[in-house]
Amino acid sequence: MSKIAFIFPGQGAQYCSMGQDFYEKTEIGKEVYDKASELLGFSMPELCFEKNDRLDITEYTQAAMVTTSIAMMRVLEAEKGIKPSVVAGLSLGEYCALAAAGVMSVEDAIKTVRQRGILMQEAVPKGLGAMAAILSMEASEIEEVLSGMEGVQIANYNCPGQIVISGVKEKVEEANEKLLGAGAKRAIMLNVSGPFHSDMLIGAGEKLGMVLDKVDIKDPVIPYVSNVTAQYVTNKSVVKELLKKQVSSSIRWQQSVETMLTDGVDTFIEIGPGKTLAGFMKKIKRDANVFNIEKLEDLDKLSVL
């Protein structure tokens, strides 16, 4: 019998239109989108399905991604009856995992990521921070180069050969040059609206902590893997502190997947717009059994489970 993990992406908002069939053709999917519109005071279907420039703005990106992924997950659960053994999500995708694990209600997950997005957007004036993807260089080598620098750090351990760094723009640019000189194949500046998962976001994390103080957190019904520690969380007592730290801490996605693999997970179902995590998985464990759910017809792929 397969040991299944539901995994949720933290990027790919440009593909949120993939959720339109879930909204228009399923009652459960429509309920999630309509609830998000009611909670946030703007039309979530309009944001996700109609062409606009708001999806590039973090405060909207995060709410759109989480709403879309949760709608897809709820339809998957209802139509296929598949229950995961563990859940995890990259960056803001962790909030989808929290909803799947019963730690946080769907309503609280959507409202909290909206506030998270606003706080992260406001934390650093535009243009002061930056992020860059470093390709084809060992994480330990990147860590060594950055250890002598201030104002820049690893933001994401995505998969072997792809690490993202974040921090003060000038420091990120300087780090790029040093990393290229030390053997990195490429250093690509990313089109992002802030230096996410860097120390520049510590203040945003503190403010998020105050938002989380008002959120009802329960013990996980299904274990989830924390981005901060890459370890299982089974007790509600640590959840809020981990989410507060997550805003400015490195996202240990590769290590999170390795934790699940070590625990015997043999099937991963990526739920959400885009195929980012499936791509990472090919580099973490090439022969892993991975499904991607972003279109309604993708549910048919799961008939083999």
Check ion pair Asp56-Arg54 (N to O, under 4.0 angstrom) = no
d(Arg116 CZ, Ile118 CD1) to nearest 0.5 Å is 12.5 Å
Compare all side-chain heavy atoms of Phe6 with those of Leu76 and state whether any distance is below 4.5 angstrom.
-> yes
Can you establish whether the number of heavy atoms outside Asn191 located under 6.0 Å from its atom CG is more than 12?
-> no
Hey, what's the ring geometry for Phe49 with Tyr23, parallel, tilted or perpendicular (30° and 60° as the breaks)?
-> tilted
Test item: Asn227 side-chain N/O and Gly89 main-chain N/O as donor-acceptor pair under 3.5 Å | yes
Contact check, side chains of Val257 and Met281, non-hydrogen atoms, under 4.5 Å = yes
CD1 on Ile269 to CD1 on Ile4, rounded to 0.5 Å | 5.0 Å
Mark yes when over 12 heavy atoms from residues, nucleotides or ligands other than Tyr15 sit less than 6.0 Å from its OH; otherwise mark no.
-> no
Any sub-3.5 Å donor-acceptor pair from Gln254's side-chain atoms to Tyr157's backbone N or O?
-> no
Work out which heavy atom in Ala13 is nearest to a heavy atom in Thr61; give both atom names and the distance.
-> CB-CG2, 3.6 Å
Starting from the C-alpha separation in whole Å, work towards a yes-or-no answer on side-chain contact (heavy atoms from CB on, under 4.5 Å) for Gln14 and Leu55.
-> CA-CA 7 Å; Gln14 68 270 32; Leu55 278 177; over 6 Å; no
Student check: side-chain heavy atoms of Lys244 and Glu206 closer than 4.5 Å | yes
Start with the C-alpha gap between Leu190 and Val164, add the side-chain angles, then the distance that decides, and say whether side-chain contact (heavy atoms from CB on, under 4.5 Å) holds.
-> CA-CA 9 Å; Leu190 300 179; Val164 176; 3.9 Å; yes
Are any of the side-chain heavy atoms of Cys16 and Met65 separated by less than 4.5 Å?
-> yes
When rounded to the nearest 0.5 Å, the distance separating OG of Ser249 from CD1 of Ile154 is 13.0 Å
Can you tell me if Asn52 uses its side chain to pair, donor with acceptor, with the backbone of Leu47 under 3.5 Å?
-> yes
Any sub-3.5 Å donor-acceptor pair from Asp298's side-chain atoms to Lys295's backbone N or O?
-> yes
Do Lys111 and Glu107 meet the salt-bridge criterion of a basic N to acidic O distance under 4.0 Å?
-> no
For the pair Glu294 (side chain) and Gly274 (backbone), establish whether a donor and an acceptor sit closer than 3.5 Å, ignoring hydrogens and angles.
-> yes
Least distance between heavy atoms, Ile28 atom then Val75 atom | CG2-N, 4.2 Å
Could you tell me the separation between the CD atom of Gln115 and the NZ atom of Lys207, rounded to the nearest 0.5 Å?
-> 11.5 Å
Counting only N and O atoms by type, is there a donor-acceptor contact under 3.5 Å from the side chain of Lys301 to the main-chain atoms of Asn292?
-> yes
Identify whether the distance between the nearest side-chain nitrogen and carboxylate oxygen of Lys30 and Glu27 falls below 4.0 Å.
-> no
Would you find a donor on one side and an acceptor on the other, under 3.5 Å apart, between the side chain of Gln162 and the backbone of Cys159?
-> no
Quick one: does Lys236's side chain get under 4.5 Å of Val103's, heavy atoms only?
-> no
Backbone N/O of Glu59 and side chain of Arg114: donor-acceptor pair under 3.5 Å | yes
Working for side-chain contact (heavy atoms from CB on, under 4.5 Å), residues Thr112 and Leu98 | CA-CA 12 Å; Thr112 303; Leu98 291 167; over 6 Å; no
Atom NZ of Lys245 with >12 non-hydrogen neighbours under 6.0 angstrom = no
Does Glu173 CD have over 12 foreign heavy atoms under 6.0 Å away?
-> yes
Looking only at non-hydrogen atoms, find the nearest pair between Ile110 and Val113 and report the distance.
-> O-CG2, 3.3 Å
So, do Arg252 and Thr259 sit near enough that their side-chain heavy atoms are less than 4.5 Å apart?
-> no
Is Ser256 reaching over with its side chain to a backbone N or O of Val225, donor-acceptor style, under 3.5 angstrom?
-> no
Write down the atom of Glu270, the atom of Leu277, and the distance for their closest heavy-atom approach.
-> OE2-N, 3.1 Å
Lys185 atom NZ, over 12 foreign heavy atoms within 6.0 Å | no
Dump the intermediate steps for side-chain contact (heavy atoms from CB on, under 4.5 Å) on Leu180 and Ile134, then the final yes or no.
-> CA-CA 9 Å; Leu180 288 168; Ile134 310 302; over 6 Å; no
Taking atom CD of Glu143 as the centre, does the number of heavy atoms from other residues, nucleotides or ligands within less than 6.0 Å exceed 12?
-> yes
With a cut-off of 6.0 Å (strictly less than), are more than 12 heavy atoms of other residues, nucleotides or ligands near NZ of Lys169?
-> no
Closest heavy-atom contact between Ala132 and Asn176?
-> CB-OD1, 3.5 Å
Heavy-atom closest contact (Val290 atom, Ala278 atom, distance) = CG1-CB, 3.9 Å
Tyr33 and Thr68: side-chain donor and acceptor closer than 3.5 Å?
-> yes
Crowding at CD, Glu297 (>12 non-hydrogen neighbours, <6.0 Å) = yes
Nearest 0.5 Å, what's the CG-CE distance between Leu212 and Met104?
-> 6.0 Å
First locate atom SG of Cys96, then atom CD1 of Ile70, and finally report the distance between them rounded to the nearest 0.5 Å.
-> 4.5 Å
So, the side chain of Gln231 versus the backbone of Ser226: is there a donor-acceptor pair under 3.5 Å, distance only?
-> no
So do the side chains of Ile284 and Pro160 get within less than 4.5 Å of each other, counting heavy atoms only?
-> yes
Hey, are the side chains of Tyr95 and Leu243 touching, using non-hydrogen atoms and a 4.5 Å cut-off?
-> yes
